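Atom set for the values below is all heavy atoms of this structure, side chains included, hydrogens, waters and symmetry mates excluded. Note that the structure is predicted; figures quoted are calculated from it, not measured.
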Amino acid sequence: MAAAPPGSATKHTFSSLLKQKSLRTSPPPKSRATMAISMREVDPAFQGAGQKDGLEIWRVEKLQAVPVPRESHGKFFTGDSYIILKTTAIKNGSFRQDIHYWLGKDTSQDEAGTAAIKTVELDAALGGRAVQYREVQGNETEKFLSYFKPCIIPEEGGVASGFRHAEVNQREHVTRLFVCRGKHTVHVKEVPFARSSLNHDDIFILDTESKIFQFNGSNSSIQERAKALEVVQYLKDTNHEGKCDVGAVEDGKLMADADAGEFWGLFGGFAPLPRKTFVELNGVDTAFPPKLLCVNKGQAVSVDCEVLTKALLDSTKCYLLDCGCEIYVWMGRETALEDRKRAGLAAEELLRDGNRPKSHIVRLMEGFETVIFRSKFNKWPKKAEAVVSDESRGKVAALLKRQGFNSKVTAKAAPVKEEPQPLIDCTGNLQVWRVNDSEKTFLSFSEQCKFYSGDCYIFQYSYPGDDGEECLIGTWFGKRSIQEERTAATSLANTMIESLKFQAVLVRLYEGKEPIEFFPIFQNLVIFKGGASTGYKKFVSENGIQDDTYSENGVGLFRIQGSGPDSMQAIQVDTAAPSLNSSYCYILHDGDTVFTWIGNLSSSVDQDLAERQLDVIKPNLQSRMLKEGSEYDQFWKLLGIKSEYPSQKIARDQESDSHLFCCTFSKGVLKVREIFNYTQDDMMSEDIFILDCHSCVFIWVGQHVDTKVRAQALNMGEKFLELDILMENVSRETPLYVINEGSEPQYFTRFFTWDSAKSAMRGNSFERRLSVLKDGVKPRRDKPKRRPITSSHTGRSSVPDKSQRRSTSFSPDRVRVRGRSPAFNALAANFENSNARNLSTPPPVARKSFSKSSPDPVKPPQRAASIAAMSASFERPRQTLIPKSIKASPDANKPQSEASKPKSEVNAKESSTPAAKDGKTVAPTIQEDVKEGQPEDEEGLPVFPYDRLRTSSTNPATDIDHSRRETYLSSMEFREKFGMAKEAFAKLPKWKQNRLKIALQLF
C-alpha cells in the first residue's frame, strides 16, 4: 500500500505522535526567567552533533534518527524522511547551524511527523540557535540544494518498503528524461520519456545508454543552459563512469544538426512543439503582506497590528509570520520544547488549510533570526548575541549525562585563522592626480603621497601580476571634500577605465575607510588638514569657513600609524590633547620646534615609524622625544589644555564571512539574490555579482553584460550599501571595487578556489562549459595577456628590511640629531621640491608583497625609455670627477705571490684588518674575475664610472651585481657621491643604505 504524501493527511498522525510523547514525559515546572526546555525529549543520536564544520545527516527509520554514512550524503530516496545539519565555522570563532528536514514524496505520515519533531530536538541539543527549514521533494530551498551541488536526484524506494531500490549503475541502463529549472541552483525532476513532456521554456536532459543530450528550450536563458550542463556532467560521472558522449540540441533546429537528428530520432522523429505542452499544475505560491499570528496551546490566533515591530514578540510565546511563500515560526527563548513542537504543527496545518504545497516553513529561535525575517519588521534593533545558547547546551549535556550518555557541551569553533593578506606588488608604477573642479592635475613624485582632507584624488597603479600587467584605478575622497569634486573624480576615473577597455580594477575610497591594499601602494602617506584644490578653496571662501589648511610654519599634530616601513601613514589631527592616544606615536611641531610623543602602549614598530616620518614632515630639524607621562609644559601649551585622551587603538572594520549576491538593476531599483556556498562556477559571464565581506564590497561584472548596465556597476554598489542587505549597519563609505571578468586581482580571488583560465575563455557561459564537457579539454586562455599600462612615473623603491630597525632612546633630554650626507640632502630636497620626481628603478627581480609569504619573483616591465627621459632630476649640478684608471697587471688572473700583487689590493687587505679585528661588519666582496685591462678598486672589483652604473645609463656596465652597484665605484668617487667612505656606508642600517642608493639611482 502506497504511503500518503506528507502534505495531505499528516494532521491526525502527527498530533497523535506528539500527544503520545507528551504523555510519556511529564516535565517539571520551569522558571519563566530561564530557557524552559524538556531535555528528556532529546534523542541520544544527536549527542556530539554540530561540533565541527560540515554536513551531518540522519534518516528516519522506525521513528528513530539513524546517521547516514558520509559516502551516502546526497543520495535521497522518495520514500524516506531525512534530517540534515549544516554546521559552518565563522570568522568570530563560533558556529552557525542550519537544520533541514527533507520529506520524500512517498514518505509515510509517521516518518514525516517524526522528522519534524526530531528537528526541534536537535535544535534544542544545539542550544536553540539553529534555523530550521522544511524541505519537500521537488520544492527544496536554494540553501538546501547548495549543499549538494550540482543537484539531487532522488531515487525510488525507501526504508519503509524494505529498501526496494538499486543503484543506477548496478542495473541495466534505462533511458530517463529530466527537466532542469534554475539559474543559480538547479531543481531536477524526472518526467515521462515522451515528446509531450518537452516545452520551450525549460531545459531537458535525456540520459541514454551511450549518450547524454541536453535540449535547450527556446525561451530558456544562457545561465539556465550553463547550469544544466553541470547536471549533465554529474550524470556522466555517476551513471557512465565519465565515459559517454554529450550532445546539445537547440529548440527549433532541424535534422541537419547531427545531435538534433539523433535526439529527435529517439522520440520517433522531429515535430514542432506546441506552446506550454507540459505545465505543472501546482504553480508557485503567491506572496502577500506579512500576517502575524500567536500560537496558544497549538491554536494560531491573529495579532492585530498596523505595523510589525519586535515589541510584539513575547519571549514566552511562539508566533507564526505568514508571508505567503514562507511561513516563519518564531520561538521565544523562554518557551517549552512542547510549545515549539506545537508551533511547528500549527504552521503545517496553516499550509494545508490554504492549499499551499510549495510554501516553505522556516523555524527560528529568538536571538538568531535570519536577515529576511528581520527585514519584515519596522526598524528591527541591531542584532545582539543571544545569552541563552551556552546555558541550554549545558542543560542538554547534564541531562544526557544523567541518562548515561557521555555527552560534552557543544564546543565552540576554533577561531578561524586569519587568511594570508592579499598580495599586491609594491614595485609598480604610481601616478596621482588632484581633482580641481572638473579637471585633474598631475602630482609630482614628491607630492603624490601628500593628501589633503578637503580634496579628492585619482590614482593609477600598475604592477606586475601573474598574467601580465595589473592595473588599479581609484578615487580617494577626503572627509571635507566637496560633492562636486567627488562627482568629477568618479567621472574622470570611469573615463580612464573605459580607455583601458575595462581591464583595470576601479576602487572608490573614503578617508579613514581605506582597505589594507591601499597603504602599501603609497608606502609613506601623509594626510594634511584643509585642502589645496580650487573647489575646496572656493567653497571655504563662499561659506565663510575658516581655512585650516596645513602650514609648515604653523602648529601641527600628526598621528603615526602603519604596519612597517612599507606601509606607514602620518595623519594630521586636531591640535588638542584629546587627539592623543596611548597606542600611537605623534609628531608635534610649532614652526621649527618639534616634539615626538611616544605613547606608553605603542610598539617598537610605531616608534620606528615615527622616527622615519620625521624625515618627511620635518627633515632638516631636530626633534625631542617625549615619553607619555614625561611631557614638557611647552608641549601641553601647544595642545591648549591638558585633558584625558583614549588608550585603545582606533578600530577598523574587520572582514567578516563573505556573501555572494546576483544582482539586477533596473530604473534605479536594485534586486539581489544570495548564492549560498558559492564557487567560481556560480558567477556567470552574463550577470553582475556583489561579494560582500563587510570591510569592503566587490562588484564583479561579467564579460557579456550589456554596456549600459556595466556603466551602472558603481551605482549598484552604492545602492547595495544604502539598502544594507545584511542589516549589519554597514557604512555608506565602505570601499567599493568594480572588477571586470578576466581582470580579477588576488585580493578578490582569495575568496574562491580560482582558475583564471575559466574567466579568460571565449564565448558565453554555456559555450564555455559545453566546450569543456563535450570535448574533454581543460579551460585555456584564448585571451591575450593584458597590455602594459604606460606611465610617466617609473618604478618603486624596495621596501627596507623590517629586521633592520633602529632602537629609540626615551630620554626626554636626548636631542635627536640626524647627519646629512650630500646624497641624503638630495633625497630630502626631492621631498621638498615640488618640481622634482623620484625616478629610481627597482631591482629587476624585486617583488614586495603585503603578505608574509613571498611569491615567485617577477621582473617588472621595461621602463628604460621613461627613465632615460626624466633621469636628470636626480643629477647634481656639479661636474662628476672620474679618477684615472689604474692599469691591471696582464697576469691579474694568474696566481700571484703576496709581493707581486697590486698595491691597491694589498692596501685593501690591510685597511680591512682592523674592522675584522673589532668584529664589525664589512661589506662582502664579490669574487669575480677582473677583465684584462680593466681597473680594480681596493676590494679587487672592477671600477666603473658613475655614469655607467646609474640605472638610467645609456651605456650600462655589464657583468656586475645589480643589487650592489655602489661597490664598483672607485673610493674617491664613492666618497664624493655618498659623502662617506665605503666602510662607513657598510655600517649603516640596510634601509638607510637603500635610501641613499635610491637618491643616486644606484638601486
Side-chain angles (χ1 to χ4, degrees), residues 798 821-824 826 840-841 843-844 864 867-868 871-872 874-916 920-988 990 992-1003:
S798 177
S821 67
F824 194 90
S840 59
T841 303
I867 296 173
S871 61
F874 262 101
E875 298 289 345
R876 300 196 62 180
R878 63 181 179 181
Q879 184 177 1
T880 302
L881 300 177
I882 303 176
K884 294 182 179 180
S885 301
I886 302 174
K887 292 186 178 181
S889 171
D891 299 326
N893 295 330
K894 297 181 181 180
Q896 304 176 35
S897 64
E898 192 71 37
S900 63
K901 289 184 179 180
K903 184 180 290 186
S904 61
E905 190 173 340
V906 176
N907 292 340
K909 183 176 181 180
E910 292 174 356
S911 63
S912 62
T913 303
K920 297 181 180 179
T921 304
V922 179
T925 59
I926 302 174
Q927 301 298 328
E928 295 181 355
D929 292 335
V930 180
K931 294 183 179 180
E932 185 175 354
Q934 200 170 49
E936 300 178 19
D937 73 345
E938 291 85 345
E939 296 181 356
L941 295 177
V943 173
F944 293 97
Y946 170 69
D947 285 342
R948 295 193 63 192
L949 292 172
R950 288 188 298 118
T951 56
S952 58
S953 174
T954 56
N955 182 26
T958 58
D959 297 330
I960 65 171
D961 183 352
H962 294 280
S963 65
R964 302 180 66 245
R965 297 173 184 267
E966 73 282 0
T967 60
Y968 298 92
L969 289 170
S970 67
S971 297
M972 182 184 302
E973 194 167 14
F974 188 98
R975 182 180 292 275
E976 176 193 349
K977 294 296 181 183
F978 284 90
M980 65 185 75
K982 291 187 178 181
E983 291 80 3
F985 178 82
K987 297 175 184 178
L988 295 177
K990 187 71 173 177
K992 197 160 189 176
Q993 290 182 7
N994 290 342
R995 180 176 288 184
L996 297 175
K997 289 160 63 176
I998 289 170
L1000 295 171
Q1001 300 188 41
L1002 292 174
F1003 194 89

Next on the checklist: Working to the nearest 0.5 angstrom, can you tell me the gap between Leu969 CG and Glu976 CD?
Outcome noted: 9.5 Å
Next on the checklist: Under the rule for side-chain contact (heavy atoms from CB on, under 4.5 Å), what residues qualify as partners of Glu966, not counting sequence neighbours?
Outcome noted: Arg964, Phe974, Phe978, Phe985, Lys997, Leu1002
Checklist entry - Say you draw a straight line from OG of Ser970 to CZ of Arg975; how long is it, rounded to the nearest 0.5 Å? => result 11.5 Å
Checklist entry - In Å, rounded to the nearest 0.5 Å, how long is the span from CG of Leu949 to NZ of Lys977? => result 11.0 Å
Checklist outcome for this item: Those residues at least two apart in sequence (or on a different chain) that pass side-chain contact (heavy atoms from CB on, under 4.5 Å) with Ala984 are Met980
Checklist entry - Side chains of Arg965 and Thr951: does their closest heavy-atom pair fall under 4.5 Å? => result yes
Checklist entry - To the nearest 0.5 Å, how far apart are CD1 in Ile960 and OH in Tyr968? => result 6.0 Å
